[in-house]
Visitor: 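Structure below; questions to follow.
These values consider heavy atoms only, across backbone and side chains, with no hydrogens, waters or symmetry-generated copies.
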Amino acid sequence: WRPRTAELAVDTALLTVVVTGICLVLGIGLAFAAVRLVGGRPLLVGLLAAPLAMPSYVSGFAWTRLFPGFDGFWAAVLVMSSVCYPLVLLPVASALAGSGRSMEDVARTLGCGPFRTFAAVTLRRIAPTAVVGGLLVALYTLGDFGGPASVRFESFTVGIYNAYNGAFDRTLPAVYSLALIAAALILSTTVRLCGTDTARPVAAVETAPARHGAVARSTALAVMAAVMVVALAVPLAALVREIRQSQRLAGRSVADLASWMWPDLQSTLGYALAGGLAVTVVAIPIALFTARPRRRGAGAVEAISYLGYTLPGVTVGLAFVFVGIRLGRDYYLTPGLLILCYAALFLPLAAGPIRAALDGTADSLTDAARTLGAGQWGVLFRVRLPLVLPGIAAGALLAG
């Protein structure tokens with residue numbers, strides 16, 4: 001009940017609300033523009049999602065190096081929003097790519113304009129996926145340390161780090177961590193209780209993008225370019241300038257730099273692929289259990305799966321160190337333990353989009369498969385999972 005705890009809680013909550021709101025607007029808007037207005041080009045969606053691969057502390061460092069005095073609350077909002085909006089973009093883009101536009105065409109035929117059609121039809125259909133993405137953004141903002149710390153904004157995670165370094169007693173950082181766990185439970189439970197099934201799934205196989213005018217496409221491309229400049233071009237420009245000014249790297253050719261970075265890059269890619277695959281394999285049964293129809297205990301399983309994601313990585317890592325030393329010495333300091341740690345940290349990134357994609361699957365398709373004689377496993381592997389492959393791919397990309 002220290003006043004400092006309340007101060008950190010208010011600052012963290014305010015940052016989380018603002019960043020989540022911005023990311024929802026950016027993620028939904030960019031996904032719609034990329035899939036429906038521009039034509040759903042995979043390269044374009046991949047470029048828009050690229051900032052997710054940049055750690056928040058790297059983005060914050062780049063901005064502070066280019067613009068001295070870049071710090072405080074709004075600096076943290078810009079840094080966190082620029083790296084978090086793909087958490088909404090990818091699931092929503094997969095939902096739009098995997099759904100037909102028949103209901104939108106009917107709305108336009110009945111006289112609805114493009115904005116009314118988007119609000120009344122499209123937005124309702126992607127709402128479950130967007131809410132899952134927003135929840136991921138909120139949890140990421142709650143648990144991230146590097147982004148706020150790099151721009152000198154103190155959140156709960158910065159308080160945890162300072163408490164770990166500044167005192168021998170670990171009670172205070174433990175209390176802060178419990179507060180983050182409570183916040184994660186409240187967020188996930190609230191989303192579950194509010195419900196996101198605002199529109200019933202509709203079976204649709206027509207997925208070709210609608211034709212739009214040159215003005216709409218040009219505007220969409222301009223907005224996407226502006227976002228890419230802020231989220232990717234500016235940090236990359238700052239990093240390139242730092243590399244060119246580095247005395248350690250001065251005079252080295254591009255080939256020398258590539259050979260110098262290759263071992264670390266190879267290791268990173270290997271762990272990313274292994275971790276993404278492991279997390280996705282674990283996430284699929286959790287998503288199947290928590291998807292419609294609602295089962296007893298599904299809410300508790302989903303809430304628990306989000307806990308690791310809201311904690312700082314150092315807290316989860318120390319927990320695995322504790323377990324590894326005491327219960328599995330043979331697995332301590334092994335790649336397997338690291339991948340298990342990844343699974344605890346990034347499970348919601350894969351489970352959320354997959355569950356939202358399953359919720360968006362029309363019941364009529366599975367009912368038709370059962371009527372035609374398919375068993376439970378046949379329906380799962382021949383109907384449900386193939387239908388949600390875009391959601392599985394989005395979850396694997398987010399986790400990797």
Side-chain angles (χ1 to χ4, degrees), residues 22-53 84-108 112-134 136-137 196 198-199 201-228 231-232 349 352-362 386-398:
I22 292 174
C23 289
L24 281 172
V25 173
L26 279 178
I28 293 173
L30 292 174
F32 182 81
V35 175
R36 293 294 170 85
L37 298 183
V38 181
R41 300 169 186 172
L43 178 61
L44 184 59
V45 176
L47 287 174
L48 288 171
L52 187 63
C84 286
Y85 77 84
L87 294 173
V88 180
L89 166 73
L90 280 175
V92 172
S94 70
L96 288 171
S99 65
R101 65 170 198 271
S102 55
M103 294 182 66
E104 297 166 357
D105 291 341
V106 170
R108 295 301 302 272
C112 295
F115 294 103
R116 186 177 178 185
T117 300
F118 175 80
V121 180
T122 308
L123 191 59
R124 291 185 64 197
R125 296 186 67 183
I126 64 175
T129 307
V131 169
V132 169
L136 294 176
V137 171
T196 55
T198 55
V202 176
V205 295
E206 168 66 83
T207 59
R211 296 184 177 275
H212 294 275
V215 175
R217 291 196 300 270
S218 300
T219 303
L221 289 172
V223 172
M224 288 186 279
V227 172
M228 291 297 296
L232 200 60
L349 291 177
I354 298 173
R355 198 264 294 173
L358 287 168
D359 284 345
T361 303
L387 285 173
V388 299
L389 278 179
I392 295 175
L397 287 173
L398 290 174

Visitor: I need the minimum non-hydrogen distance between Arg355 and Val132, along with the two atoms involved.
Guide: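 Reported closest heavy-atom pair: NH2-CG2, 3.8 Å.
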Visitor: Enter the distance from Ile354:CD1 to Leu389:CG here, rounded to the nearest 0.5 Å.
Guide: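 Rounded to the nearest 0.5 Å, the CD1-CG separation comes to 10.0 Å.
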Visitor: What are the two closest non-hydrogen atoms of Ala50 and Leu232, and how far apart are they?
Guide: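 In terms of heavy atoms, the two residues are closest at CB-CD2, 4.0 Å.
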Visitor: Does the Tyr85 side chain pair with the main chain of Val25, one donor and one acceptor, at a distance under 3.5 Å?
Guide: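 No: the side chain of Tyr85 does not pair with the backbone of Val25.
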Visitor: Taking all atoms of both residues into account, what is the closest heavy-atom pair of Val223 and Leu30, and its distance?
Guide: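 Shortest heavy-atom contact: CG1-CD2, 4.4 Å.
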Visitor: Taking all atoms of both residues into account, what is the closest heavy-atom pair of Leu48 and Met224, and its distance?
Guide: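 Shortest heavy-atom contact: CD1-SD, 3.5 Å.
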Visitor: Please report the closest heavy-atom contact between Val45 and Ala34, naming both atoms and the distance.
Guide: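 In this case the closest contact between Val45 and Ala34 is CG2-CB, 4.0 Å.
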Visitor: Please enumerate all residues that pass side chain to side chain contact (heavy atoms under 4.5 Å, CB included) together with Leu52, with sequence neighbours excluded.
Guide: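 Once residues adjacent in sequence are excluded, the partners of Leu52 under the side chain to side chain contact (heavy atoms under 4.5 Å, CB included) criterion are Pro86, Leu87, Leu398.
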Visitor: Side chains of Ile28 and Val88: closer than 4.5 Å at any heavy-atom pair?
Guide: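 The answer is yes, as the side chains (C-beta and beyond) meet within the 4.5 Å cut-off.
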